[in-house]
Amino acid sequence: MQGVTVVDHPLVQHKLTIMRDKDTSTASFRRLLREISLLLCYEVTRGLELTTRIIETPMQTMEAPTLEGKKLVFASVLRAGNGLLDGMLDLVPAARVAHVGLYRDHETLEAVEYFFKAPGDLGDRLVIVVDPMLATANSAIMAVDKLKERGATNLRFLCLLAAPEGIARFTKAHPDVPVVTASIDEKLNEKGYIVPGLGDAGDRMYGTK
Ligand code: PRP
Ligand code: URA
């Protein structure tokens with residue numbers, strides 16, 4: 001699929017299977033999401049521009065690769081996005097962070113905004129939007145809309161699970177935003193949940209069911 005990468009790494013798939021299991025505890029779910037986020041972060045940052053700088057190793061001078069440009073922004077779609085964010089910040093500790101607070105209205109499945117805070121210079125940075133679930137895509141589309149309104153032009157979207165319906169809607173609304181995911185599941189059910197899925201990601205992370 002154009003602009004969509006499925007990370008089929010065995011470690012990602014193994015951890016995802018444990019997360020899907022309804023008997024997995026809240027503590028294990030949270031730990032696995034953090035572990036998977038390291039592996040997904042590795043994939044979504046593949047292809048970042050490099051430049052070089054001159055350093056002195058203990059042996060000699062060398063021109064060594066280093067990341068080019070301004071620090072990345074990780075934009076977490078609250079609440080569940082924070083489960084991916086924590087691990088990603090372990091790998092890229094200098095990244096800036098945006099928070100986009102959205103919840104799904106359970107009747108209409110429309111996304112409702114309740115919070116937005118982002119660095120002021122989004123236009124100069126690569127913005128990686130993180131949310132474990134891409135279901136109808138209403139939340140992802142709105143999050144990217146808001147970030148673009150604030151100047152972001154270079155974005156990627158990272159999730160753990162996607163529904164085919166959500167992928168289709170998101171790539172139509174934002175064809176310039178590549179998507180990275182660990183799985184494209186079978187479908188959405190009549191309540192807008194991904195199946196087979198893993199249930200409600202926020203509830204499973206925080207034990208709020
Ligand atoms: C979940 C998930 C996404 C959204 C995906 O959040 O984390 O943000 O649903 O569904 P969509 O693609 O149909 O919009 P939820 O609204 O349950 O909020 P939470 O993270 O606070 O639990
Ligand atoms: N949000 C979730 O957390 N899970 C789904 O399956 C769909 C939306």
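Just follow the structure's listing: the first ligand is 1, and inside any ligand the first atom is 1.
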Within a radius of less than 6.0 Å around CD of E68, do more than 12 heavy atoms belonging to other residues, nucleotides or ligands occur?
-> yes
Tabulation required: pairs of a nitrogen or oxygen in ligand 1 and a protein nitrogen or oxygen under 3.5 Å; columns are atom names and distance to 0.1 Å; otherwise 'none'.
residue, atom, partner, partner atom, Å
ligand 1, 7 (O), D131, OD1, 2.8
ligand 1, 8 (O), D131, OD2, 2.4
ligand 1, 12 (O), A135, N, 2.8
ligand 1, 12 (O), T136, N, 3.1
ligand 1, 12 (O), A137, N, 2.8
ligand 1, 13 (O), R104, NH1, 2.7
ligand 1, 13 (O), T136, N, 2.9
ligand 1, 13 (O), T136, OG1, 2.5
ligand 1, 14 (O), S139, N, 2.9
ligand 1, 14 (O), S139, OG, 2.5
ligand 1, 16 (O), R104, N, 2.8
ligand 1, 20 (O), R79, N, 3.0
ligand 1, 20 (O), A80, N, 3.0
ligand 1, 21 (O), R79, N, 3.2
ligand 1, 21 (O), R79, NE, 3.0
ligand 1, 22 (O), R79, NE, 3.4
ligand 1, 22 (O), R79, NH2, 2.9

Is it possible for you to say whether V7 and V179 belong to one hydrophobic cluster, with membership spreading through side-chain heavy-atom contacts below 4.5 Å?
-> no
Taking every non-hydrogen atom, the tightest pair across S183 and L16 = CB-CD2, 3.9 Å
Do any nitrogen or oxygen atoms of ligand 2 lie under 3.5 Å from a protein nitrogen or oxygen, and which ones?
residue, atom, partner, partner atom, Å
ligand 2, 3 (O), A201, N, 2.8
ligand 2, 4 (N), G199, O, 2.8
ligand 2, 6 (O), I194, N, 2.8

Rounded to the nearest 0.5 Å, what separation is found between the CG atom of L11 and the CG atom of L38?
-> 11.0 Å
Could you check if a side-chain atom of M142 sits within less than 4.5 angstrom of a side-chain atom of K146, using non-hydrogen atoms only?
-> yes
Within 45 degrees of the axis of the six-membered ring of F115 and under 6.0 Å from its centre: does R79 put its NZ or CZ there?
-> no
Got a salt bridge between K209 and D200, using NZ or NE/NH1/NH2 to carboxylate O under 4.0 Å?
-> no
Whether over 12 other heavy atoms sit under 6.0 Å from Y103 OH | no
Spacing of NE2 belonging to H174 relative to CD1 belonging to I141, to within rounding of 0.5 Å | 6.0 Å
